[in-house]
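Structure record follows, encoded as structure tokens.
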Amino acid sequence: YTNYSIKVKYRLAENLVSGDSYIVEPLSSDKVLSVENSGTVNGSNIIQEEKQGLPSQRFVLSLVEGVYWKITPESVPSRALDVFNISRENGANIVIWDYWGGYGQQWQIAEEEEGVYTFISRNSEKCLDVNMVNNNVIQWECTGAENQKFKLTNTTSSLNVIARKHLRIYPNPAKND
């Protein structure tokens, strides 16, 4: 028997850019993660639904400590994905809540294969999981199933990415002294 959560814990997501926005697509469907009904209040539910290009379907990933990330909806940057009631139980619901830095709001993002990731709760060591019956997002013991694996698509403007890496500013007009 292999404890899957321990196995993936060390495959770090090195290709993600802290502060960039991503669309999160479960491998098990052609849908995307979303804040249900574009909710903005504490307790708004996370589900999978048809892609509509809404800010509530794009998530900013920010490295907060070591290998742990906070995941905030673009539509509500003060809130983050949160395991409801800081639960460690299988089936605990995933919602958004004011970010306060709790372990139930921090996720290790492990790269399974190129462009495919698993999200592991710092608090419970359980994986982000899409319930395929009702489209709800929960945490569940890590199994390696496709409903626990996600494709991440960076939606941050490529111009911004280039600018962060290669932008040089010169005085105008430039002088040769």
Do the non-hydrogen side-chain atoms of [X] and [Y] ever get within less than 4.5 Å of each other?
X	Y	result
V60	D20	no
F150	V130	yes
F119	L81	no
N42	I96	no
Y22	V17	yes

How about CD1 on I86, more than 12 heavy atoms from neighbouring residues, nucleotides or ligands closer than 6.0 Å, or not? no

Point-to-point distance, once rounded to the nearest 0.5 Å, from [atom1] of [X] to [atom2] of [Y]:
X	Y	atom1	atom2	result
S62	W69	OG	CH2	8.0 Å
S34	N45	OG	CG	10.0 Å
Q48	K31	CD	NZ	5.0 Å
L61	L16	CG	CG	6.0 Å
L33	E25	CG	CD	9.5 Å
S29	E49	OG	CD	11.0 Å

With a 3.5 Å distance limit and no angle check, can you tell me whether [X] reaches the backbone of [Y] through a side-chain donor-acceptor pair?
X	Y	answer
E112	T118	no
N90	E141	yes
N37	G39	no
N85	S87	no
Q105	D98	yes
Q57	K51	no
R79	T40	yes

Do you know which of I138, L27, D129 makes side-chain contact (heavy atoms from CB on, under 4.5 Å) with N147? D129

If we check side-chain contact (heavy atoms from CB on, under 4.5 Å) with W107, which of these qualifies: N123, V83, I120? V83

How about S75 and S56: does a side-chain donor come under 3.5 Å of a side-chain acceptor?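 Side chains of S75 and S56: no pair found under 3.5 Å.
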
